[in-house]
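Taking it in order: structure first as structure tokens, then the write-up.
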Amino acid sequence: ALLLVVGVPLCWYSASMLKRKWMRLAAFGFVFFSIVGVVLTFSRGGTLALAVALLLIALRSRHKVLVVTILAISVVPVVYLAGAAYADRIATVTDPMSEQSAASRIYLIKIGFHMWRDHPVFGVGFGRTNQQLLMPQYYGQVIDSSRYAGKVLHNTYIQMLADCGALGITVYMAILLGAIYSMGRSARRTVAELKPVPLGLQ
């Protein structure tokens, strides 16, 4: 789902750089089908990321009403077709403990935080193997269940924190935020016809 979300702004902004009409239509088609793909994965994280991506596209557009209308036309039918099952799953974002899958994410995040507290500077080691071997030590502190054995922490930031500690997460966030800042700066400096490149990447 998240990979499909990444494709939405890339395809949207690339469309303005394409000269031929059929190519632009194809790029917008990729946007639409990426949105379809995100919805049909039933991913809560994907849905939140898609909402942010679409909001940023709309806010940055000179024709905000038109862009919002186009994006709504793309999203509403897909969500309608996905039905109540999709709406029920997304509703668990506001009350994650009401659904087992969502609740498991909370438990895994807590396990990750406990693990980081015990290994604050360098973490337990990159690559998940150490993290998964150590997880049973934290069941009594967080949840009495062995069904989390061998699971990943299911959150990139918590995984980096547990695996690489404060040092690793600091470097990771510096690279991530530095790239976002750099692309924004590039968008302000570059010529108009090339602005879609840094904007899409950002």
Side-chain angles (χ1 to χ4, degrees), residues 1-16 27-61 64 67-110 112-113 128 151-164 168-169 171-187 195-202:
L2 292 173
L3 289 172
L4 287 168
V5 172
V6 168
V8 169
L10 292 176
C11 292
W12 178 272
Y13 285 110
S14 69
S16 64
F28 287 129
F30 288 135
V31 170
F32 174 73
F33 286 112
S34 293
I35 292 171
V36 171
V38 172
V39 171
L40 296 183
T41 64
F42 281 58
S43 166
R44 290 168 288 237
T47 298
L48 291 173
L50 179 64
V52 171
L54 296 179
L55 178 64
L56 287 174
I57 288 171
L59 289 175
R60 289 174 168 177
S61 173
K64 291 180 176 56
V67 170
V68 168
T69 303
I70 292 170
L71 294 175
I73 289 170
S74 299
V75 172
V76 172
V78 184
V79 173
Y80 177 77
L81 288 173
Y86 176 74
D88 291 343
R89 183 164 172 83
I90 299 308
T92 62
V93 169
T94 58
D95 184 17
M97 303 311 285
S98 65
E99 194 256 342
Q100 184 177 348
S101 173
S104 72
R105 308 293 195 262
I106 304 298
Y107 293 134
L108 289 166
I109 286 171
K110 289 181 178 179
F113 268 122
R128 294 200 321 256
K151 289 188 178 290
V152 296
L153 296 177
H154 214 82
N155 181 300
T156 301
Y157 304 100
I158 303 301
Q159 187 79 56
M160 286 294 294
L161 191 63
D163 285 357
C164 303
I169 194 71
V171 172
Y172 178 75
M173 293 304 296
I175 292 170
L176 181 63
L177 296 174
I180 293 170
Y181 173 77
S182 177
M183 290 298 104
R185 195 173 175 204
S186 179
K195 280 185 186 296
V197 175
L199 287 175
L201 290 171
Q202 190 187 40

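Heavy atoms only: backbone and side chains are in, while hydrogens, waters and symmetry mates are out.
- For Gln202, the side chain to side chain donor-acceptor pair (under 3.5 Å) partners are Arg60, not counting sequence neighbours.
- The two atoms that bring Leu153 and Gln159 nearest to each other are N-OE1, 3.2 Å, heavy atoms only.
- Partners of Val31 under the side-chain contact (heavy atoms from CB on, under 4.5 Å) rule, at least two apart in sequence or in another chain, are Val8, Cys11, Trp12, Ile35.
- Counting only heavy atoms from C-beta outward, the side chains of Lys110 and Ile106 approach each other to under 4.5 Å.
- The closest side-chain heavy-atom distance from Phe28 to Ile70 is not below 4.5 Å.
- Residues Val197 and Tyr13 are not in side-chain contact: their nearest non-hydrogen atoms beyond the backbone lie 4.5 Å or more apart.
- In this structure, the side chain of Ser61 does not engage the main chain of Ile57 through any donor-acceptor pair within 3.5 Å.
- Residues that satisfy the side-chain contact (heavy atoms from CB on, under 4.5 Å) test with Ser16, not counting sequence neighbours, are Pro196.
- Listed for the Lys64 side chain is no donor-acceptor partner under 3.5 Å among the backbone atoms of Ala58.
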Donor-acceptor pairs under 3.5 Å, side chain of residues 172-180 to any protein atom, not counting sequence neighbours: which ones?
none

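- Under the side-chain contact (heavy atoms from CB on, under 4.5 Å) criterion, Ser186 pairs with Pro198, sequence neighbours left out.
- With sequence neighbours excluded, no residue satisfies side-chain contact (heavy atoms from CB on, under 4.5 Å) with Ser182.
- Atom CZ of Phe42 sits in a crowded spot, with more than 12 heavy atoms from other residues, nucleotides or ligands closer than 6.0 Å.
- Partners of Thr47 according to the side chain to side chain donor-acceptor pair (under 3.5 Å) rule, which considers only residues two or more places apart in sequence or in another chain, are Tyr86.
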